[in-house]
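Please read these numbers as outputs of a predicted model, since none were measured by experiment. Here is the naming used below: chain letters follow the sequence lines, and residue numbers restart at 1 for every chain.
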There are 2 protein chains.
Amino acid sequence: MDRFVSNFTNRLDSKGRVSIPAPFRAVLARDGFEGLYVHPGLDAPALDAGGNALLAEINALLETLSPYSEERDFLSTALLGTSEILKVDPEGRVTFSDALKAHAGITDTVTFVGHGHKFQVWEPERFRAHLDEARARVRELKKNLGRSGANGSPVRSATSLSPGASGA
Amino acid sequence: MDRFVSNFTNRLDSKGRVSIPAPFRAVLARDGFEGLYVHPGLDAPALDAGGNALLAEINALLETLSPYSEERDFLSTALLGTSEILKVDPEGRVTFSDALKAHAGITDTVTFVGHGHKFQVWEPERFRAHLDEARARVRELKKNLGRSGANGSPVRSATSLSPGASGA
DNA sequence: CTTGATTCCATTGACGCCCAAGATATCCCA
DNA sequence: TGGGATATCTTGGGCGTCAATGGAATCAAG
């Protein structure tokens, strides 16, 4: 597989090292990026991490803004300016900087969360809360999709989100 | 036969392994996906499982949202973040993670329920209850349909609720 | 020389893979 | 049509491999 999926929780050892989940390492290896590209989440207390795919997305996003524009400068500062390229040791472990750990509230345990082309790093407790909210929001979203489905096509989307036909 | 139909109940062994029903395995093999893609149902205490067909549906849904949008993040968190790609052993068995089992209330027995392009995994008792309610609702729906005329879509629901009868 | 960082090595436990057997349904043939 | 042989499927268990983790050793830099 070439996408980050699922979530894993690992512990930091006394030196602050933590193993990148093996499935994620496999994706990174396939991606061909040396090391791990990481930046603090823009709005969430989490870290965004990945390889070339993530970099490409960030660049694409910046490209959409005119050069020298204020927005682009801000975005560039927030994304590129705070990014770090972490080294991965032979066992597949990385060490997050204090700045990164502070941003995500990480202490001795972290949860890696797959997001397709990238993955996030959360403090486990915070992730649980975030997941609860995400589920609630998606349920809302699904309802709306189901309603608009009467016009003909979006019905498929609604289908994918409704486990049981009735939702009961 | 390229769709998941009917339902089967199997037992977990002492290692937590359970056989995917042979007919479902055949569909998966035809689908060409390595392993089994699984994610917790958003509303129901059940698991959604499948192969490329299910994955494609989820990806298509995500594609409709712009990167870095809040909606996409939530959707990605709820779907990709909680999905797992389970390995299927040579005998056609899988092992559900604790998180998945907890979500569906699975202990030592599971019921696989065909839903066309995907299938669900339920704790047998809960499925019975779900089926009862689904049937009741369909009866309700039929009455209203007969009265007010067709609005178009709910028919699908009826199909997915009669495992053995229709699709086979 | 001291301190921090990186690499190497060892342990533990989980997971995947192999082989085996019981049970059931299917098919063939008398 | 009945009986037996056969194939398939589910379930059970043993074993090897790999991943996560902890600690020691080596290297670099101040």
- Query: If an axis is fit to five pairs at each end of the helix from C:dC1-D:dG30 to C:dA30-D:dT1, what is the angle between the two, to the nearest 10°?
  - Reply: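 End-to-end axis angle: 30°.
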
- Task: Just do the side chain to side chain contact (heavy atoms under 4.5 Å, CB included) check on A:R139 and A:K143 with the steps written out, would you?
- Result: CA-CA 6 Å; A:R139 272 193 286 271; A:K143 281 187 190 172; 5.8 Å; no

- Message: So, taking the atom named CG in A:N59 and the one named CD in A:E63, what distance separates them when rounded to the nearest 0.5 Å?
- Response: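 A:N59 atom CG to A:E63 atom CD measures 6.5 Å (nearest 0.5 Å).
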
- Item | Distance, nearest 0.5 Å, that separates OG1 of B:T95 from CG of B:L12 |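 It comes to 8.0 Å.
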
- Message: Closer than 4.0 angstrom, basic N to acidic O: yes or no for B:E140 and B:R137?
- Response: no

- Query: Run the side chain to side chain contact (heavy atoms under 4.5 Å, CB included) check on B:L75 and B:L61 step by step: do they pass?
  - Reply: CA-CA 9 Å; B:L75 206 52; B:L61 183 61; 3.8 Å; yes

- Looking at B:V27, B:V88, B:V121, which hits side-chain contact (heavy atoms from CB on, under 4.5 Å) with B:I20?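 Among B:V27, B:V88, B:V121, the one that satisfies the side-chain contact (heavy atoms from CB on, under 4.5 Å) with B:I20 is B:V88.
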
- Note on the structure: Side-chain atoms of A:P21 come closest, of D:dG23, D:dA20, D:dT11, to D:dA20

- Side-chain atoms of B:D13 come closest, of D:dG12, D:dT10, D:dT21, to D:dG12

Between the protein and nucleotides 6-8 of chain D, list every N/O to N/O distance that falls short of 3.5 Å.
none

- Message: Ignoring hydrogens and geometry beyond distance, is a side-chain donor-acceptor pair present between A:T82 and A:H39 at under 3.5 Å?
- Response: no

- Task: Please step through ring pair (Phe, Tyr, Trp, His ring centres under 6.0 Å) for the pair A:F24 and A:F8, ending with a clear verdict.
- Result: CA-CA 10 Å; A:F24 286 11; A:F8 307 86; 5.4 Å; yes

- Does the side chain to side chain contact (heavy atoms under 4.5 Å, CB included) test come out yes or no for B:F127 and B:T9, once each step is laid out? CA-CA 11 Å; B:F127 175 64; B:T9 300; over 6 Å; no

To the nearest Å, give me how far apart [atom1] ([X]) and [atom2] ([N]) are.
X	N	atom1	atom2	answer
A:R25	D:dC18	CZ	P	13 Å
B:F24	D:dT10	CZ	C1'	15 Å
B:R11	C:dA23	CZ	C1'	13 Å
A:D108	D:dT21	CG	P	11 Å
A:N10	D:dG22	CG	P	10 Å
A:F112	D:dA19	CZ	C1'	13 Å

- Message: Looking at A:F96, I'd like to know if the NZ or CZ of A:K15 sits under 6.0 Å from its six-membered ring centre while staying within 45 degrees of the ring's axis.
- Response: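 Checked: cation-pi criterion not met.
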
- Message: For residues B:L28 and B:V38: do they belong to one hydrophobic cluster (side chain heavy atoms under 4.5 Å, members Ile, Leu, Val, Met, Phe, Trp, Tyr)?
- Response: yes

- Message: One character per nucleotide, please: for nucleotides 9-17 of chain C, 5' to 3', B when the base has a protein heavy atom closer than 4.0 Å, S when only the sugar-phosphate does, - otherwise.
- Response: B------BB

